[in-house]
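Whatever order the structure lists them in is the order used to number ligands and atoms, beginning at 1.
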Amino acid sequence: MPISVKNWTYEDVIVAPSLLAADFGRVAEETSRAINAGGDWMHLDIMDGNFVDNISFGPAMVETVHATNDVFLDVHLMIKRPNHYLSRFVAAGADMITVHIEPEADHEVGATLAAIRAQGVQAGLALNPATPFSAVEPYLAQIDMLLCMTVVPGFGGQAFMPEIMEKVAQAATLRQEKGLAYHIEVDGGVDAETGAVCREAGANVLVAGSSTFRAPDMAVAVAAVRG
Ligand code: DX5
Ligand code: ZN
């Protein structure tokens, strides 16, 4: 069965190398390298220069990864109008589309989450370090994944923010109390050491860019993040 249709649950520890740290001149090969190194999902950071102060890549890059590799595509929309672009990322082959809760991402959150699922794609919701957990609580029953940013979004290679583990633990507790089934993803500064801290707090999807793509041996680095 193709990897991308595997039924992942929050019991799985999932390592998601972030393409942002890869060699953009060899996207297909870099993605294959990440999969062969033991990466489960590919994390694709979409940045529009509005919601975050950086510009990365768009649907065409998602399409290239989808066309050249059989892998679950975890698309992280750090953009101002996620619902405006939604159908293009679905068409490009996204398996999970994560949108931000912050008001700077100008959309009606509930409607966008429903629209993602209506197109047969899993729906993720992300909150930045400065955003209180209470902001996402009303949506926990409508999501397949909660992304707790462990850096301020916009760039790879930043320092991990340990204080975010409080939110991860809160998300894990509420998931149990409410009988929900969302993944808990962490993103930013995740490596062997911080990955263990994240798993300990209750996260099961570990995004890792610099610590995997920039490692001397990517398979060793992916295994170390997985623990
Ligand atoms: C940052 C992105 C992260 C980033 C992670 O805005 O959302 O996914 O690529 O990179 P590392 O693992 O290098 O911190
Ligand atoms: Zn990301």
Handout entry: Residue M149 vicinity, atoms of ligand 1 by number, heavy atom under 4.0 Å
Key = 7 (O)
Problem - Under 3.5 Å donor-acceptor, S211 side chain and V190 backbone - result: yes
Practice task
State the atoms of ligand 1, each with its element, that fall below the 4.0 Å cut-off from a heavy-atom position in S18.
Solution key: 8 (O), 9 (O)
Completion exercise
Scanning both residues in full, the closest heavy-atom pair of A105 with H100 reads CB-O, 3.8 Å
Exercise for the section: Using distance alone, determine whether S211 and ligand 1 share an N or O pair under 3.5 Å. Expected result: no
Problem - Sub-4.0 Å heavy-atom approach of F155 to ligand 1 - result: yes
Practice task
With heavy atoms of H43 as the reference, note each atom of ligand 1 found under 4.0 Å away.
Solution key: 8 (O)
Practice task
Indicate whether the side chain of D45 and that of H43 have a donor and an acceptor atom separated by less than 3.5 Å.
Solution key: yes
Fill in the blank from the handout: The atoms of ligand 1 lying under 4.0 Å from a heavy atom of G188, numbered in the order shown, are 14 (O)
Handout entry: Any side-chain heavy-atom pair of M145 and D74 under 4.5 Å
Key = yes
Practice task
Indicate yes or no: at least one non-hydrogen side-chain atom of L206 is less than 4.5 angstrom from one of C198.
Solution key: yes
Practice task
Quick one: look up the protein heavy atom nearest atom 13 (O) of ligand 1 and list residue, atom name and how far away it is.
Solution key: S210 OG, 2.2 Å
Handout entry: Proximity flag A21 to ligand 1, non-hydrogen atoms under 4.0 Å
Key = no
Exercise for the section: Decide yes or no for F89 and I116: does some side-chain heavy atom of the first lie under 4.5 Å from some side-chain heavy atom of the second? Expected result: no
Fill in the blank from the handout: For the Zn ion (ligand 2), the nearest N/O/S atom on D187 is atom OD2
Handout entry: Y182 side chain vs R175 backbone, donor-acceptor pair below 3.5 Å
Key = yes
Handout entry: Close side-chain approach of P82 and F51, heavy atoms under 4.5 Å
Key = no
Handout entry: M78 neighbourhood, listing ligand 1 atoms whose heavy-atom distance to it stays under 4.0 Å
Key = 6 (O), 7 (O)
Practice task
Counting heavy atoms only, name the option from G156, G189, G209 that's nearest to atom 14 (O) of ligand 1.
Solution key: G189
Handout entry: Atom indices of ligand 1, in the order listed, that fall short of 4.0 Å to a heavy atom of A208
Key = 12 (O)
Exercise for the section: Using non-hydrogen atoms of the residue, decide whether R214 is closer than 4.0 angstrom to ligand 1. Expected result: no
Exercise for the section: Would you indicate which of D45, T98, L20, T150 comes nearest to atom 2 (C) of ligand 1 when only heavy atoms are counted? Expected result: D45
Handout entry: V99 and its side chain to side chain contact (heavy atoms under 4.5 Å, CB included) partner, picked from L77, I79, L86, I143
Key = L77
Practice task
Would you mind checking which non-hydrogen protein atom is closest to atom 3 (C) of ligand 1, with the distance to 0.1 Å?
Solution key: D187 OD1, 2.8 Å
Exercise for the section: Could you tell me whether E137 atom CD has more than 12 heavy atoms of other residues or ligands within 6.0 Å of it? Expected result: yes
Completion exercise
The atoms of ligand 1 lying under 4.0 Å from a heavy atom of M47, numbered in the order shown, are 6 (O)
Fill in the blank from the handout: Among N, O or S atoms, H43 approaches the Zn ion (ligand 2) most closely through NE2
Practice task
Could you tell me whether P153 and ligand 1 have an N or O pair separated by under 3.5 Å?
Solution key: no
Handout entry: H76, N/O/S atom nearest the Zn ion (ligand 2)
Key = ND1
Practice task
May I ask you to test the E30-R33 pair for a side-chain heavy-atom distance under 4.5 Å?
Solution key: yes
Handout entry: Main-chain N/O of V207 paired with D187 side-chain donor or acceptor, under 3.5 Å
Key = no
Handout entry: Side chains of Y139 and I101 in contact at under 4.5 Å (non-hydrogen atoms)
Key = yes
Practice task
State, yes or no, whether a side-chain contact exists between D40 and W8 at a heavy-atom distance under 4.5 Å.
Solution key: yes
Handout entry: V190 N/O to ligand 1 N/O under 3.5 Å
Key = no
Exercise for the section: For atom 6 (O) of ligand 1, find the nearest protein heavy atom and state the residue, atom name and distance (0.1 Å precision). Expected result: G154 N, 2.7 Å
Handout entry: Nearest to the Zn ion (ligand 2) - the N/O/S atom of D45, by atom name
Key = OD1
Completion exercise
Here the atoms of ligand 1 under 4.0 Å from any heavy atom belonging to V207 are 8 (O)
